[in-house]
Amino acid sequence: MRLIIGGFCQGKSSYAAARFPGYANYDENNYATLSGSDSEGVILNHLHLIIRELLKEEKGEQEIREIFLRLGETTPDIVFISDEIGCGIVPIQPEDRQWREVTGRVLIALAEKSSEVIRITAGIPQVIKKTVQVHLIRHGKTPGNLERRYIGRTDESLSEAGRGDIQCRKYPPVDFVFTSPMKRCRETGEIIFPSVPKEVIPEFRETDFGAFEGKNYDELKDIPAYIRWLESGGTQAFPEGESRGEVTERVKAGFRKVQECIRKLSEGTPVTSVALVVHGGTIMTLLSELFGGNYYDYQVRNGEGYSFELSYDGLCSGLRAGSYHRRSGELVPSGSVDWESDSEVNRVLPGEGGEGDGGDGKKA
């Protein structure tokens with residue numbers, strides 16, 4: 001959803017027509033038929049005049065706002081175009097004052113939900129807001145995951161069960177995909193997004209578990225170094241492997257590469273949504289840095305993930321956690337996921353009985 005605003009006869013419609021040539025055009029004369037459109041996208045022009053007509057029909061402000069927000073949800077590739085009404089001038093007539101105020105508040109609501117807001121002045125576009133949807137997706141299950149092993153630098157392929165699980169899920173459409181260099185992530189990316197351009201980010205590889213690599217809890221539980229690591233809350237460096245701090249700096253450098261790539265890509269065709277197909281440890285590291293909180297608060301099961309908005313000035317907001325539902329494709333809030341029923345995931349600290357690939361769980 002995008003919003004284009006500006007004064008009267010400033011070039012808003014011409015800009016939209018040039019930028020979105022395949023979109024169907026609607027305005028105050030035919031907007032009631034918009035729900036039947038099967039075109040590539042939709043341009044809804046003269047939003048301010050449509051609001052005036054709805055007020056004449058005695059529709060309330062909340063109802064009007066919900067009409068357009070619902071349109072934005074059901075028609076994602078929609079471009080709203082509206083004049084900015086009033087611009088400091090208070091109309092004499094009460095109905096005109098109401099129109100000005102309602103239009104202003106509806107535009108505020110649409111701007112909040114829009115991925116891009118553009119003001120046109122004298123034919124020149126100025127981007128006021130620009131955000132990209134970022135979807136973090138953990139790769140499908142590998143043989144090591146099924147055996148609950150620490151799988152970091154080991155370059156495993158997906159298991160048949162892992163492939164099947166990924167294929168049963170529905171994921172959001174994206175413009176570009178970033179993956180870890182490990183086979184399990186690249187294979188997952190190809191299954192979910194076969195025709196979408198991709199770039200490998202070496203810094204997104206999984207943690208090097210050093211002496212713990214390839215082993216599970218039962219094989220490690222009596223080893224002093226492993227006991228010390230558990231007692232540290234998972235903050236000590238893995239013997240002969242990486243420390244949390246080393247992984248954090250590496251992942252942050254990888255995310256800076258992603259941001260720079262998005263900026264370069266958007267110099268051509270605008271990028272509105274990207275996916276990062278990575279590891280459990282990579283996701284926990286990145287989100288705890290971007291949004292704060294405990295590292296282990298961001299545990300995620302194979303094939304599932306998180307989504308958030310990334311602005312072009314680097315601000316991250318709107319974090320949502322959940323699973324890509326096998327039937328509806330909806331991102332189900334994590335609170336509704338029955339963690340205890342999944343025999344392959346435990347919720348506590350990594351290491352003891354961990355799932356591997358980041359040590360995503362301690363024996364419950």
Side-chain angles (χ1 to χ4, degrees), residues 135-174 177-202 204-209 212-220 275-284 298-307 321-332 334 337-347 350-364:
H135 303 287
L136 298 176
I137 301 171
R138 186 184 175 194
H139 64 79
K141 293 176 182 177
T142 69
N145 292 151
L146 296 173
E147 296 174 2
R148 307 171 69 79
R149 297 184 180 278
Y150 287 91
I151 304 300
R153 64 176 182 267
T154 304
D155 203 9
E156 285 193 327
S157 291
L158 297 178
S159 65
E160 285 304 312
R163 289 179 179 273
D165 179 64
I166 293 295
Q167 290 167 343
C168 287
R169 298 176 185 269
K170 184 178 180 182
Y171 294 87
V174 299
V177 176
F178 300 93
T179 75
S180 155
M182 313 300 285
K183 288 179 185 176
R184 50 196 184 270
C185 294
R186 290 187 286 113
E187 290 172 358
T188 300
E190 287 300 329
I191 292 172
I192 300 174
F193 307 109
S195 59
V196 178
K198 299 173 183 67
E199 180 168 330
V200 170
I201 305 295
F204 283 166
R205 66 187 181 275
E206 182 55 290
T207 302
D208 182 348
F209 297 122
F212 301 162
E213 182 73 26
K215 297 180 174 63
N216 60 28
Y217 172 72
D218 289 332
E219 296 166 344
L220 292 168
L276 277 59
V277 183
V278 291
H279 306 271
T282 308
I283 291 173
M284 290 190 287
Y298 300 103
Q299 294 179 89
V300 60
R301 296 184 288 192
N302 295 95
E304 301 182 0
Y306 293 81
S307 297
S323 62
Y324 296 99
H325 202 279
R326 289 175 175 83
R327 291 181 295 277
S328 68
E330 296 177 353
L331 189 65
V332 181
S334 59
V337 175
D338 183 6
W339 290 91
E340 297 304 322
S341 68
D342 190 331
S343 62
E344 293 174 19
V345 177
N346 295 301
R347 293 272 341 242
E352 193 178 322
E355 208 185 333
D357 187 55
D360 286 11
K362 188 176 180 180
K363 205 178 233 178

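With sequence neighbours excluded, the residues that form a side chain to side chain donor-acceptor pair (under 3.5 Å) with Glu219 are Arg149. For the salt bridge (charged side-chain N to carboxylate O under 4.0 Å, His left out) test, residues two or more places apart in sequence or in another chain that qualify with Lys198 are Glu190. Evaluation of the side chain to side chain donor-acceptor pair (under 3.5 Å) rule for Thr188 yields no partner, not counting sequence neighbours. For Thr154, the side chain to side chain donor-acceptor pair (under 3.5 Å) partners are Glu213, not counting sequence neighbours. With sequence neighbours left out, Phe178 forms a ring pair (Phe, Tyr, Trp, His ring centres under 6.0 Å) with Phe176. Every residue was checked against the salt bridge (charged side-chain N to carboxylate O under 4.0 Å, His left out) condition with Glu156, not counting sequence neighbours, and none meets it.
Between Ser180 and Thr282 the shortest side-chain heavy-atom distance does not fall below 4.5 Å. Two residues are said to be in side-chain contact when any heavy atoms from C-beta on lie closer than 4.5 Å; Glu206 and Arg184 meet this criterion. In this structure, the side chains of Gln299 and Met284 come closer than 4.5 Å at one or more pairs of heavy atoms. Two residues are said to be in side-chain contact when any heavy atoms from C-beta on lie closer than 4.5 Å; Phe193 and Ile137 meet this criterion.
Distance CD1/Ile191 to CZ/Arg163: 4.5 Å, rounded to 0.5 Å. Between the NZ atom in Lys215 and the CG atom in Leu220 there is a gap of 6.5 Å [rounded to 0.5 Å]. Between Ile283 atom CD1 and Tyr298 atom OH the span is 12.5 Å, to the nearest 0.5 Å. For the atom pair CZ of Phe212 and OG1 of Thr207, the computed distance is 12.5 Å after rounding to the nearest 0.5 Å.
Arg186 places a side-chain N or O within donor-acceptor distance of the main-chain N or O of Pro181, the cut-off being under 3.5 Å. A donor-acceptor pair is defined here as one N or O able to donate and one able to accept, closer than 3.5 Å; such a pair exists between the side chain of Ser159 and the backbone of Lys141. Put simply, the side chain of Asp208 never gets that close to the backbone of Arg153: no donor and acceptor are under 3.5 Å apart. Remark: the backbone N or O of Ile166 is not paired with any side-chain donor or acceptor of Arg169 at under 3.5 angstrom.
Judged purely by distance below 3.5 Å, without hydrogens or angles, the side chains of Asn145 and Asn302 pair a donor atom with an acceptor atom.
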Could you go through the side chain to side chain contact (heavy atoms under 4.5 Å, CB included) check for His139 and His279 one step at a time? CA-CA 6 Å; His139 64 79; His279 306 271; 3.7 Å; yes
